[in-house]
Number of protein chains: 2
Amino acid sequence: MATGRSHRPATRSRGIPEATVARLPLYLRALTALSERSVPTVSSEELAAAAGVNSAKLRKDFSYLGSYGTRGVGYDVEYLVYQISRELGLTQDWPVVIVGIGNLGAALANYGGFASRGFRVAALLDADAALAGRLVAGLPVRHIDELEAIVVDNQVSIGVIATPAGAAQEVTDRLVNAGVTSILNFAPTVLSVPDGVDVRKVDLSIELQILAFHEQRKAGEGRQEPDGDVPAVMPA
Amino acid sequence: MATGRSHRPATRSRGIPEATVARLPLYLRALTALSERSVPTVSSEELAAAAGVNSAKLRKDFSYLGSYGTRGVGYDVEYLVYQISRELGLTQDWPVVIVGIGNLGAALANYGGFASRGFRVAALLDADAALAGRLVAGLPVRHIDELEAIVVDNQVSIGVIATPAGAAQEVTDRLVNAGVTSILNFAPTVLSVPDGVDVRKVDLSIELQILAFHEQRKAGEGRQEPDGDVPAVMPA
DNA sequence: TAGTGTGAAAGCCTTCACAGCG
DNA sequence: CGCTGTGAAGGCTTTCACACTA
């Protein structure tokens, strides 16, 4: 999902399939929880259950990272936490700017899992001059005019867009121009970016619409088991 | 992707592949924009560009819905809007409850694309009694004790969870017990639900971690480091 | 003629099932 | 013996490329 444009034919950045990369954070979260409970080792079966996947998939995923398990025993929790963190690039510090400090931007700024795990909010930016200086999550909101300077000074490579849809493309252009190469977009717009810039989007209404689709299907299925066909109510 | 548990072997609810369903909202948004500009027809090429996909994929997707285009011309915008809306179940009204009215819950309540498109916020719920009665997005926050009554009275089948992680599973259980069969989860937890209940999750920190992975890869590509092994610190 | 609709080909991703190791 | 690691098989998804038609 969501890379810059139509580049990268079969994106697996270094042998690790994209689908696996997308699950590593899930494993990491489950492992972190185990680590906090001082659990020393875990089997693929247990960890898979905690992460909400099946164990064959988990083992296959881990096999792309290397042979980090012990047959007959399982995986060393601490060691795996380290390996996955390293693989994901979380052993280094990633300064992030959040643009658009409405409810959503504020929610993001306050989000704990954000600040932990290597991500540091370098600045909060908003176009509304009236917001400037106000503290959100302990940080002062700064005016969007400062965007370029902040990105350059802090070597920000990741930007989060929580602006209204209408402002998203312009903000994107400015971020990219200033040197940002990864964007997490919460605005309901398709962003266009140059090659080499990654965009991931999170879209609330799309998720809801997908749920509605399945909801409708369930309702249409009626009481009996879905063995045969659905009534086939064709449109006009 | 986010269905209840390990059920549904190859989920395509009625011939429409899951991957296609996930793109229909994208097409719908692009079409709605065209409709507002009173554009009568679009080609697959144009619409695909607006939606951020390629045209072959779009045509294939539409072919699962039926033959709604005109060769040599393109697609009728209004007609497609209607067909996709119907397919997604957006021609009916979906009452939704949002649980957890912090910054994120408030952002969701205020989100425009939410209220439009067939989704109606039936209630905002929070465990904090101090919030009760306060207006958010024009709706009064109600206490979580009212959850069951609200779900039943409004025939709510979709619930949105914006609570802290610790509360998410309990809220889920109560929603499901009361009759909710689709859940959009913003809490960073794996929810367990009975068969037949769909869960989709949106996880901010996961998205960021995926970006960090690619960011790291880009950075590493500039230097040498092709075979990238690390000192091999084996576990105890 | 311009652009849809679609078999066929090619790639991914998941699952299976079991060899092999601690 | 228990559990990992992994070829092989099977499914989905995307892409290709072109017949076909308004």
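Note that the structure is a prediction, hence the values are computed from the model and not measured. Lettering follows sequence order; numbering is per chain, from 1. We use all heavy atoms of the structure for the numbers below, so side chains are in, but hydrogens, waters and symmetry mates are not.
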Report yes if some heavy atom in the side chain of B:L90 is under 4.5 Å from a heavy atom in the side chain of B:F119; otherwise report no.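 Of all side-chain heavy-atom pairs linking B:F119 with B:L90, at least one is under 4.5 Å.
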Would you check if B:L65 and B:I16 make a side-chain contact, meaning some heavy-atom pair closer than 4.5 Å?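 They are in contact (side-chain heavy atoms under 4.5 Å apart), so the answer is yes.
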Could you state the atom-to-atom distance from [atom1] of [X] to [atom2] of [N] in whole Å?
{"X": "B:L80", "N": "C:dT4", "atom1": "CG", "atom2": "P", "result": "11 Å"}
{"X": "A:K60", "N": "D:dG7", "atom1": "NZ", "atom2": "P", "result": "7 Å"}
{"X": "B:E45", "N": "C:dG5", "atom1": "CD", "atom2": "P", "result": "14 Å"}
{"X": "B:D76", "N": "C:dT4", "atom1": "CG", "atom2": "P", "result": "13 Å"}
{"X": "A:E18", "N": "C:dG11", "atom1": "CD", "atom2": "C1'", "result": "15 Å"}
{"X": "B:L47", "N": "C:dG5", "atom1": "CG", "atom2": "P", "result": "12 Å"}
{"X": "A:D61", "N": "C:dT15", "atom1": "CG", "atom2": "C1'", "result": "12 Å"}
{"X": "A:R59", "N": "C:dA19", "atom1": "CZ", "atom2": "P", "result": "15 Å"}

When you match A:G69 and B:A19 each to their closest nucleotide on DNA chain D, which lands nearer the 5' end?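 This one resolves to A:G69.
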By side-chain hydrogen bond (donor to acceptor under 3.5 Å, both in side chains) - contacts of A:T41 (at least two apart):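 A:T41 satisfies side-chain hydrogen bond (donor to acceptor under 3.5 Å, both in side chains) with no other residue.
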Closer than 4.0 Å, any side-chain N/O of [X] to the OP1 or OP2 of [N]?
{"X": "B:Y64", "N": "D:dT14", "answer": "no"}
{"X": "A:K57", "N": "C:dT15", "answer": "yes"}
{"X": "B:R23", "N": "D:dT14", "answer": "yes"}
{"X": "A:S44", "N": "D:dC3", "answer": "no"}
{"X": "A:N54", "N": "C:dT14", "answer": "no"}

Relative to A:Y27, does A:R29 satisfy both conditions: NZ or CZ under 6.0 angstrom from the six-membered ring centre, and within 45 degrees of the ring's axis?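 No, A:R29 does not sit over the ring of A:Y27.
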When the side chains of residues 32-39 of chain B are checked against the rest of the protein, which donor-acceptor pairs come out under 3.5 Å, sequence neighbours left out?
residue: B:T32; atom: OG1; partner: B:L28; partner atom: O; Å: 2.7
residue: B:T32; atom: OG1; partner: B:R117; partner atom: NH2; Å: 3.0
residue: B:S35; atom: OG; partner: B:E78; partner atom: OE2; Å: 2.7

What residues form a ring-ring contact (aromatic ring centres under 6.0 Å, His included) with A:Y75, not counting sequence neighbours?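 Expected list: A:F62.
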Would B:L31 and B:L47 count as a side chain to side chain contact (heavy atoms under 4.5 Å, CB included) if you check the C-alpha gap in whole Å, the side-chain angles of each, and the deciding distance to 0.1 Å? CA-CA 8 Å; B:L31 284 163; B:L47 184 53; 3.8 Å; yes
Could you list the donor-acceptor pairs under 3.5 angstrom formed between side-chain atoms of residues 170-178 of chain B and any protein atom two or more places apart in sequence or on another chain?
residue: B:T172; atom: OG1; partner: B:A168; partner atom: O; Å: 2.7
residue: B:D173; atom: OD1; partner: B:Q169; partner atom: NE2; Å: 2.8
residue: B:R174; atom: NE; partner: B:E148; partner atom: OE2; Å: 2.9
residue: B:R174; atom: NH2; partner: B:I144; partner atom: O; Å: 3.1
residue: B:R174; atom: NH2; partner: B:E148; partner atom: OE1; Å: 3.0

Answer yes if the side chains of B:D203 and B:S205 hold a donor-acceptor pair under 3.5 Å, and no otherwise.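 Distance-only check passes for B:D203 and B:S205.
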So what does A:F62 touch, heavy atoms closer than 4.0 Å: a base, only the sugar-phosphate, or nothing?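 Contact class for A:F62: none.
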Output a table of nitrogen or oxygen pairs between the protein and nucleotides 19-22 of chain D separated by less than 3.5 Å.
residue: D:dC20; atom: O2; partner: B:R71; partner atom: NH1; Å: 3.0

Residues from residues 27-39 of chain A lying under 4.0 Å of DNA chain C - heavy atoms: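 Heavy-atom cutoff 4.0 Å gives no residues at all.
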Return yes if some donor-acceptor pair links the side-chain N/O of B:S43 with the main-chain N/O of B:E46 below 3.5 Å, else return no.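 Indeed, once roles are kept as given, a pair shorter than 3.5 Å links the two residues.
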